[in-house]
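Hydrogens, waters and symmetry mates are skipped; everything else that's a heavy atom, side chains included, is used.
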Amino acid sequence: MTPTPTPPPDLPPPEPRRRFALIASGRDLVATFWPWILLVLAGFVIAFHYVKPAPPRHVVFAAGAQSGAYYGFAKRYAAILARNGIAVEVRETAGSADNLARLLDPDDPAKIGFVQGGILPTPGSVSEDSSESEAVPLLSLGAMYYEPLWVFYRPAAFPGGPLTRLTQLAGKRVAIGGAGSGVRPLAEQLLDANRVAAHLSDLGGLKAAEALVQGRLDVAFLIAGPEAPMVQDLLRTPGVALMSFVQADAYTRRFPFLSRIVLPRGAVDLVRDYPAQDVVLLAPTANLVIHENLHPALAGLFLEAASEVHRESGFFQKRGEFPAPREQTFPLAPQAERYYKSGPPLLQRYLPFWAAVLADRLLVLLIPFLALLLPVFRLAPALYTWRVRSRVFRLYGELKFLESDIRTGFDPARLASYRERLARIEEQAFRRRLPLAFLDLQYTLRTHIALVRADLDARARQAAP
């Protein structure tokens, strides 16, 4: 008869010892790593303090009159930045000087604007007790395009011949533009350099052109692009001529912000061959100027927009000539210097704007993390091992002291004390909570305790009567 198979006994529950080992391992890890964790967190806090916040989503742009080139270019910038989630508010102003005053005004929200080359802050626009570096907190993103200076005149007012030198303007009726415009300070600098005493008028733009055509003015200083309707009308108006600067090279030496440009023969009208010969003009550059508080990421974004808008060839410029770090009225911004040397930031070449900004900020925060994490990975494991092994080594010290006491001064009367001390060490070794990876130390210690106990028993037998 086949015996009935006995069911296998139930497996015993996990030993408490294993749980104790896991708990001990966790405690040792926490005790070992918490100082390093605090150190890394402190590094994060310090790095976050020096990392610039995320760029704002709204920027105020100081442009010019709505009929001018500044305003049109600012609107094109706004359309490009809108693709990246940045709202650019284009504000109408009186011109370059007004833009500069707005950028210097701490109460004005404008942080970027066009400023004509050579326009400097007025003495009253900055604090007198400020240092030179603090007085003008403006930086340049570079020159964007040429701004030709057109000096139109009525030949009838110059019976001695065509106007070729500004010294011929003595006693004439000259329009140099209104306050806040960019043409006025430039005209004043040129007239002062020639020591000209003329009857100056505040008319500018279309009003100056109308007054010139109507004979109420002899000369009008204008700054506008060659495609401006006002310029095109004056170039084709009978009785109005365009001055050619025969001393253009001398002006560019004396005023470094000026450039010598040429209106080629027949450029206005090939059929009429007008002008009949090359006309030499002077031109400052239109510069993109920012307040130093403008977020660096936005400065780089404006540079990319400027490159898209101004890189094409024009009437006086070649393709790729602008934008460029040409005019040095204000210091070149660090991000502009990097842009002209190596192009857009690496992350912005492959990531959307906001993703690139976030990644850039995270990289800055990761620097202290990586710098502190390297020694953690190198030192913490050794510290953790030493901390665990030291628990066993302390018992080895007690065991060694007891063994020396037995070998050098064995006293049979103290046999019970020897056994008690040895049992206490063994109990402590058994109760030591060690991670599983270090349990071999515990068993090795218990083996050595057994060796000392065997030696003690042998000595006790020898001493017995």
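With a 4.5 Å cut-off on side-chain heavy atoms, R236 and R272 count as touching.
The nearest pair of heavy atoms linking P148 to A224 is CD-O, 3.5 Å. Here the shortest heavy-atom pairing between E321 and R326 reads OE2-NH1, 3.1 Å.
Proximity of the aromatic rings of Y77 and H310 is defined here by a centroid distance below 6.0 angstrom, and this criterion is met.
Judged by distance alone, with hydrogens and angles left aside, the side-chain atoms of K172 form a donor-acceptor pair with the main-chain N or O of A157 at under 3.5 Å. A donor-acceptor contact shorter than 3.5 Å links the side chain of Y340 to the backbone of L141. No donor-acceptor pair closer than 3.5 Å links the side chain of N287 to the backbone N or O of V289. Side-chain atoms of D108 never come within 3.5 Å of backbone atoms of L104 as a donor-acceptor pair (strictly under, hydrogens ignored). R154 places a side-chain N or O within donor-acceptor distance of the main-chain N or O of L212, the cut-off being under 3.5 Å.
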Could you walk me through whether L191 and L200 pass the side chain to side chain contact (heavy atoms under 4.5 Å, CB included) test, one step at a time? CA-CA 10 Å; L191 294 176; L200 303 181; 3.8 Å; yes
Verify side chain to side chain contact (heavy atoms under 4.5 Å, CB included) between L263 and I261, making sure each step is shown before the conclusion. CA-CA 7 Å; L263 180 66; I261 59 176; over 6 Å; no
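Taking a cutoff of 4.0 Å between a charged side-chain nitrogen and a carboxylate oxygen, E308 and R83 qualify as a salt bridge. The existence of a salt bridge linking D218 and R173 is confirmed by a sub-4.0 Å separation between a basic side-chain nitrogen and an acidic carboxylate oxygen.
In summary, the side chains of Q116 and Y70 do not present any donor paired with an acceptor at a separation below 3.5 Å, with no hydrogens or angles considered.
Here the straight-line distance linking atom CZ of F302 with atom CE of M144 works out to 11.5 Å at 0.5 Å rounding.
Among the candidates T252, V279, L149, T164, the single residue satisfying the side chain to side chain contact (heavy atoms under 4.5 Å, CB included) test with F245 is L149.
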